[in-house]
Amino acid sequence: MENNDVPFDLIEKASEIIVKSGYVVVLTGSGISAESGIPTFRGKHGLWKRYRPEQLATPEGFAVNPKLVWEWYNWRINLVLNAEPNAGHIALSELEKMNIVKSIITQNVDDLHERAGSRNIIKLHGNILEARCIRCDYKMKIQKPFRDLPPKCPVCKNLLRPNVVWFNEPIPMDVLNRAYEEIERSDCLLVIGTSGVVMPAGAFPSIVKRNGGKVIEVNVDETHISWIADITLRGEAGKILPVIVEKVKKYLK
Ligand code: NAD
Ligand code: ZN
């Protein structure tokens, strides 16, 4: 999308809603990190060596072939370590510093919101830069891809696994509760770069609407959330969100 396609009139309306809201919460998906070079699962770069993420990011896939799963994670860990936050991540952290955005609920397992300076982040699906033992309590930070695959626990010698939530796995209760608390408080939800098909995050917009709040979507494509959104801003997060920050600043002057 070219710069002159940015829907300025709709951004103006969205910014007004954002400024007038009391408790703005953000929900992000892999689309916000796409402009940092981290591919989304659903889209043209979604395939890795002909495997679908649904085959690799599952407890079943790990049980069958932990080495293959770790090869895929090594590839993704490398992408994250070499990526930088983009203008979209930075715009969200600015909105938090202005005390407009209260929290970010992300489905992303990368650390780009943190590195952009956001503080109140709820990571629904865990952290790709951590590994944990499948048996004991051992957990470690990952600073570079593993050399010997699959990696083993230094304490009990069982397998290490990525500290992420896979398909068919529950989100840890404390994390989920924090997310629901934010969603219930929210009178304006910004939904950015998520297809809305992964649950429970896909249901958050309808909770905010049911409570009388507004939903604003930023996405390059139509999604499962578009029909429920009060405003849909069609375009790249890295182009749209900085314009929102500018408009919000003008309103606050
Ligand atoms: P998804 O892959 O299902 O959907 C991505 C969405 O982003 C799509 O709707 C697409 O139209 C949109 N999009 C793509 N580029 C965009 C851009 N520049 N600006 C705005 N929107 C853009 O992703 P999801 O909804 O997050 O769910 C899939 C799962 O994949 C999540 O569980 C997540 O943990 C995982 N995942 C995470 C990462 C990451 O951490 N960066 C990357 C890939 C997948
Ligand atoms: Zn162990």
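Both counts, for ligands and for their atoms, begin at 1 and track the order of listing. Residue numbers start at 1 and run along the sequence shown.
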Q. Which part of N108 is near ligand 1, with near meaning a heavy atom under 4.0 Å away: side chain, backbone, both or neither?
A. both

Q. Is V218 close to ligand 1, meaning an N/O of one under 3.5 Å from an N/O of the other?
A. no

Q. Relative to the heavy atoms of I38, which atoms of ligand 1 are at a distance of less than 4.0 Å?
A. 41 (N)

**Q.** Proximal candidate to atom 37 (C) of ligand 1 [heavy atom criterion; set A201, S30, G29]
**A.** S30

Q: If the plane angle is over 60° it's perpendicular, under 30° parallel, otherwise tilted; pick one for W70 and F146.
A: perpendicular

Q.
Show me which atoms of ligand 1 lie under 4.0 Å from any heavy atom of V198.
A. 27 (O), 28 (C)

Q. Checking S186 side chain against E182 main chain: does a donor-acceptor pair fall under 3.5 Å?
A. no

Q) So which of G235, G193, A83, G238 gets nearest to atom 21 (N) of ligand 1, if we judge by its closest heavy atom? A) G193

**Q.** Test item: N86 side-chain N/O and G88 main-chain N/O as donor-acceptor pair under 3.5 Å
**A.** yes

Q: Check whether any side-chain N or O of D187 sits under 3.5 Å from a backbone N or O of G22 as a donor-acceptor pair, and report yes or no.
A: yes

Q) At a non-hydrogen distance cut-off of under 4.0 Å, which region of E236 contacts ligand 1 (side chain, backbone, both, or neither)? A) both

Q.
Does the residue P39 have a heavy-atom contact with ligand 1, meaning some pair of atoms that are separated by less than 4.0 Å?
A. yes

Q: Please work out which of the three classes, parallel, tilted or perpendicular, describes the rings of F204 and Y180, given edges at 30° and 60°.
A: perpendicular

Q.
Out of L233, V109, L112, who is nearest to atom 40 (O) of ligand 1 when you count heavy atoms only?
A. V109

Q) Do F41 and L27 share a hydrophobic cluster (ILVMFWY, side-chain heavy atoms under 4.5 Å, transitive)? A) no

Q. Ligand 1 versus S195, non-hydrogen atoms closer than 4.0 Å: side chain, backbone, both, neither?
A. both

Q.
Taking atom NZ as the centre, does K13 end up with more than 12 heavy-atom neighbours from other residues, nucleotides or ligands that are less than 6.0 angstrom away?
A. no

Q | Audit row: L129, L81, side chain to side chain contact (heavy atoms under 4.5 Å, CB included) steps and yes/no | A | CA-CA 9 Å; L129 298 179; L81 289 172; 3.9 Å; yes

Q) Counting only heavy atoms, which portion of S33 has something under 4.0 Å from ligand 1: side chain, backbone, both, or neither? A) side chain

Q. So do the side chains of E84 and R115 get within less than 4.5 Å of each other, counting heavy atoms only?
A. yes

Q: Using a strict 4.0 Å cut-off to heavy atoms of A34, name the atoms of ligand 1 that fall inside it.
A: 15 (N)

Q | Of the protein N/O/S atoms, how many lie under 2.8 Å from the Zn ion (ligand 2) | A | 4

Q: May I have the step-by-step check of side chain to side chain contact (heavy atoms under 4.5 Å, CB included) for V175 and V165, ending in yes or no?
A: CA-CA 11 Å; V175 178; V165 176; over 6 Å; no

Q.
Could you report the tightest heavy-atom contact between S226 and R234, atom names first, then the distance?
A. OG-NH2, 3.5 Å

(Q) Do H113 and S33 pair up side chain to side chain, a donor and an acceptor below 3.5 Å, judged on atom types alone? (A) no

Q) If hydrogens are left out, which of W166, F167, F41 has an atom nearest to atom 29 (C) of ligand 1, that is, the closest non-hydrogen atom? A) F41

Q: Mark up the atoms of ligand 1 that fall under 4.0 Å of a heavy atom belonging to E35, in ascending order.
A: 17 (C), 18 (N), 19 (N)

Q.
If the cut-off is 4.0 Å to any non-hydrogen atom of H125, which atoms of ligand 1 fall inside it?
A. 31 (C), 32 (O), 33 (C), 34 (O)

Q. Can you tell if the side chain of E12 reaches within under 4.5 Å of the side chain of Y251, non-hydrogen atoms only?
A. yes

